[in-house]
Amino acid sequence: MSRFLSPEAARLAPYTPGEQPVDMQYVKLNTNESPFPPSPRVLQDLSQEEAGRLNLYSDPACGRLNRAIAARYGLAPENVISGNGSDEVLAFAFRALCGTGRGVAFADITYSFYRSQAALFGLEETIVPLREDFSLNVDDYMDFPGTVVIANPNAPTGMALPRLDIQRLLEANPDRVVMVDEAYVDFGGRSALPLVEKYDNLLVVQTFSKSRSMAGLRIGFCIGSEKLIGYLNDVKFSFNSYTMNLPSQLLGAEAVRDDVYFKAITARIVATRERVKRELRTLGFTFPDSKANFIFASHETIPAQQIFQALREADIYVRYWNKPRISDSLRITIGTEEEMDTLLAFLKDYVSKRRF
Ligand code: PMP
């Protein structure tokens, strides 16, 4: 036992982020960022006048950003809370909606930050295994009395759930909250947002880090009933009233108004993903049908860890976990056409040499 560490901190299970090499001569396909810059409107928006306001605290309520998000999704600003990345709003939700007598359930193969949160807040966690093919069956959660957290599409598999499944979960028990983490929904999933007005036990979490190309600004948000959002705000204002900096609030609001750019770049990523799927198949890879900006692929004969190492030596970064059930797969983020060409050319050569 350390002389200094608290017992609560001693039980932490810190999340391990993907590498962020500073030297950008790598082909970076390891953390599901967008390969494109943010909307040009974002880059124009930080005026001298606004830069001159940096001596003041940012708006603790994130009003401008919340209003822009609410307008985009046809809801009221009271239905929105924004934070420093969706990781932060997830943390607010975990703290607000799980605790003594109310545990949390999530899949065995999903975003590993949920486990870190459960450990941080000392929550009783129930891990629900995905089926053999990595599909999530909502029937496995029907009787769970606590808070349910589902990434849709899931990470790292990319598999999406129909909205009807989320609706069934919401209806099965109106007294428990279902939190849907839609970090990747803009690449082909079906959002649960249209259900927010009908179900006051639904929370939908989204991010600007993927489909809006703004991972570096750290913007995430959560949409739900006014009551639930109020609970999250109580946690936020007990933790740090000014979690979001001023530039993120201003630029986020501008980004969310540029739907034309948003639709164009997400369509490009989806088109590239579908092409990469076809080409990976011809090279002997299999994968679940991803609706996200990544593919979770395993090779019919070559162990994933070996491919991972070989790619790394070629300065191509993907993500690999040496963990049960997923150690034979690589998560490959969809980059630009050119980046994916570099990856595919390498793999073609590598696989052909390993076949003979
Ligand atoms: N949810 C999922 C499923 C993710 O993969 C990520 C990215 N690591 C996040 C949430 C957090 O994203 P951010 O904090 O950048 O909004």
Side-chain angles (χ1 to χ4, degrees), residues 13-20 28-35 38 62 65 69 80-95 104 106-118 120 130 134 136 148-161 166 178-189 191-192 203-223 232 236 239-240 243-245 248-249 251-252 255-256 262 269 288 290-296 317-321 323 326 329-334:
Y15 172 72
T16 313
E19 284 173 87
Q20 294 293 348
K28 192 173 182 311
L29 307 175
N30 67 334
T31 49
N32 299 342
E33 292 132 327
S34 169
C62 305
L65 177 60
I69 293 169
V80 185
I81 178 172
S82 300
N84 217 341
S86 58
D87 281 346
E88 189 179 70
V89 283
L90 282 166
F92 297 154
F94 269 75
R95 178 63 294 170
V104 59
F106 45 81
D108 60 339
I109 312 293
T110 191
Y111 184 32
S112 58
F113 184 68
Y114 307 150
R115 287 206 85 166
S116 307
Q117 292 293 289
L120 175 64
L130 296 179
F134 290 145
L136 186 150
V148 172
V149 184
I150 291 182
N152 188 30
N154 197 9
T157 64
M159 290 167 78
L161 274 183
I166 302 294
V178 177
M179 227 193 280
V180 189
D181 178 352
E182 296 188 348
Y184 301 103
V185 78
D186 297 324
F187 302 103
S191 175
L203 270 188
V204 178
V205 180
Q206 291 195 5
T207 178
F208 283 39
S209 298
K210 321 290 178 184
S211 54
R212 295 196 184 270
S213 303
M214 295 171 87
L217 274 177
R218 312 298 303 122
I219 306 173
F221 64 94
C222 179
I223 292 187
L232 269 61
K236 168 187 153 164
F239 168 69
N240 174 3
T243 69
M244 258 190 116
N245 65 64
S248 296
Q249 294 190 29
L251 303 183
V256 89
F262 164 76
I269 290 168
S290 172
K291 299 284 182 209
N293 67 339
F294 52 82
I295 298 171
F296 196 51
Y317 280 47
V318 299
R319 196 85 198 261
Y320 172 74
W321 291 273
K323 287 189 179 168
I326 57 170
S329 299
L330 299 171
R331 193 195 64 191
I332 305 167
T333 302
I334 303 301

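Everything numeric in this text was worked out from a predicted model, so none of it was measured. Order of listing sets the numbers, starting from 1, for every ligand and every atom in it.
Remark: ligand 1 atoms within the under-4.0 Å shell around heavy atoms of T207 are 13 (P), 15 (O), 16 (O). In the vicinity of G85, heavy-atom distances shorter than 4.0 Å reach the ligand 1 atoms 14 (O), 16 (O). Close approach of ligand 1 to S209 is summarised as follows: ligand atoms under 4.0 Å from at least one heavy atom of the residue are 13 (P), 15 (O), 16 (O).
Residue, atom and distance of the protein heavy atom nearest to atom 12 (O) of ligand 1 are S86 OG, 3.2 Å. Residue, atom and distance of the protein heavy atom nearest to atom 5 (O) of ligand 1 are Y184 OH, 2.6 Å. For atom 14 (O) of ligand 1, the nearest protein heavy atom (residue, atom name, distance) is R218 NH2, 2.8 Å. Looking only at heavy atoms of the protein, atom 8 (N) of ligand 1 is closest to Y111 OH, 3.1 Å.
Side chain of Q249 to main chain of M244: a donor-acceptor pair is present (N/O by atom type, distance under 3.5 Å, no hydrogens or angles). Looking at N152, its side chain never comes within 3.5 Å of a backbone N or O of G189 through a donor-acceptor pair. For the pair S116 (side chain) and A13 (backbone), a donor-acceptor distance under 3.5 Å is present. Between the side chain of T333 and the backbone N or O of N32 there is at least one donor-acceptor pair closer than 3.5 Å.
Across D181, D87, T31, heavy-atom proximity to atom 1 (N) of ligand 1 is greatest for D181. The residue among K210, Q206, M214 with a heavy atom at the shortest distance from atom 7 (C) of ligand 1 is K210.
You'll find the side chain of V185 reaches within 4.5 Å of the side chain of P153, heavy atoms only.
Only the side chain of A183 comes within 4.0 Å of ligand 1, judged by heavy-atom distances.
Shortest non-hydrogen contact noted between F106 and V149 is CB-O, 3.5 Å.
Side chains of D87 and Y15: no donor on one and acceptor on the other come within 3.5 Å.
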